Asks: 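One structure is given below, represented as structure tokens, and several questions about it will come after.
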Amino acid sequence: MFEGNLRNCRSCGRLFVDTGQGSCPDCLEQEERDFERVRQFLKENPGATIDETAGKTQVKRELIIRFLRQGRLEAEGGVAELTCEGCGAAIRSGLYCPACAQKLDKSIRRIAGEKPPGAKEPEAPPSRGRVYLSDRLIQRDDQ
Ligand SMILES: [Zn+2]
Ligand SMILES: [Zn+2]
């Protein structure tokens, strides 16, 4: 029995045992190094756009979006790739908008991914979102 699922690494495609991270240990290590570069850059340039951040740090835009999804960074000003998985609303960080997060808290069964009846497909916001380190990280850094 495996502790996790055998699957292909989303970064390099290698088969590995996933314990919920989605990337193999080698790629995770690389991601941490990439995150450190992004973190340093955003400390010096808070509010840089995603494209600027990607360009200066040589970290893939896709990976920066993933950091946003993980709640390690926050975006402001709308990022096309960053929308609530429940209702599709533009969000700053994480997976769900506050309203959906609250609903999920109350009823895990509603995750299903179905849009609430009557919910409109939101327009994709412009992809020039500015990114910041999440407050949590800044605080941790100051200690
Ligand atoms: Zn990998
Ligand atoms: Zn939502």
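In each ligand, atom 1 is the first atom listed, and ligand 1 is the first ligand listed. For clarity, every value in this text was computed on a predicted model and none was experimentally measured.
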Asks: Could you tell me if Arg72 sits above the aromatic ring of Phe35, with its cationic atom closer than 6.0 Å to the ring centre and no more than 45 degrees from the axis?
Replies: yes

Asks: The Zn ion (ligand 2) as vertex, arms to SG of Cys84 and SG of Cys97: angle to 10°?
Replies: 120°

Asks: With the Zn ion (ligand 1) at the apex, how many degrees lie between SG of Cys9 and SG of Cys24, rounded to 10 degrees?
Replies: 110°

Asks: Determine whether the side chains of Thr49 and Arg130 contain a donor N or O and an acceptor N or O closer than 3.5 Å.
Replies: no

Asks: Under 4.0 Å between a Lys/Arg side-chain N and an Asp/Glu carboxylate O for Glu74 and Arg92?
Replies: yes

Asks: Are Asp34 and Lys60 ion-paired here, with the side-chain N under 4.0 Å from a carboxylate O?
Replies: no

Asks: Need one value: angle at the Zn ion (ligand 1), Cys12 atom SG versus Cys27 atom SG, rounded to 10 degrees.
Replies: 110°

